[in-house]
Amino acid sequence: MKVGFTFKHVDTSDALLEYASERCEKIEKFELNPMDVQFIISTLKHECIVEVHVEEGRRKFKASASSDDFYRSKPTRTSSAATMARSPG
């Protein structure tokens with residue numbers, strides 16, 4: 001699994017990188033083909049936005065969330081991506 005991070009209007013944080021990598025383990029158990037995961041972490045005014053893009057072969061999944069805290073946004077998005085990866089088709 002390849003994991004990428006993009007930070008927009010946010011300083012790179014080792015804590016955020018580590019936290020996102022740990023959350024990727026939830027998705028990794030559904031990996032059938034080589035999988036690419038891209039986290040896009042950004043802020044807009046006082047809102048923290050996390051987007052997760054997952055590509056597995058021809059299948060593509062996208063989930064996004066916003067809240068006042070990055071750590072509150074990420075679990076929701078990785079859980080959504082894991083649910084989508086489980087569903088057939």
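All values derive from a computational prediction rather than experimental measurement.
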>> side chain to side chain contact (heavy atoms under 4.5 Å, CB included), that's the test. Do Phe39 and Leu16 meet it? Break it down for me.
In response: CA-CA 10 Å; Phe39 284 94; Leu16 282 173; over 6 Å; no
> With sequence neighbours excluded, what pairs up with Lys8 under the side chain to side chain contact (heavy atoms under 4.5 Å, CB included) test?
Replying inline: Thr6, Ile40, Ser42
> Stepwise, does the side-chain hydrogen bond (donor to acceptor under 3.5 Å, both in side chains) test hold for Glu51 with His53?
Replying inline: CA-CA 7 Å; Glu51 294 180 28; His53 299 261; 3.3 Å; yes
> Can you tell me how far the NE2 atom of His9 sits from the OG1 atom of Thr43, to the nearest 0.5 Å?
Replying inline: 6.5 Å
> Would you say the side chain of Phe5 lies within less than 4.5 Å of the side chain of Ser21, judging by non-hydrogen atoms?
Replying inline: yes
> For Met35 and Val54, what are the C-alpha separation, side-chain angles and deciding distance, and is it a side chain to side chain contact (heavy atoms under 4.5 Å, CB included)?
Replying inline: CA-CA 7 Å; Met35 188 183 292; Val54 179; 3.8 Å; yes
>> Rounded to the nearest 0.5 Å, what separates atom CD1 in Ile49 from atom CG in Leu44?
In response: 5.0 Å
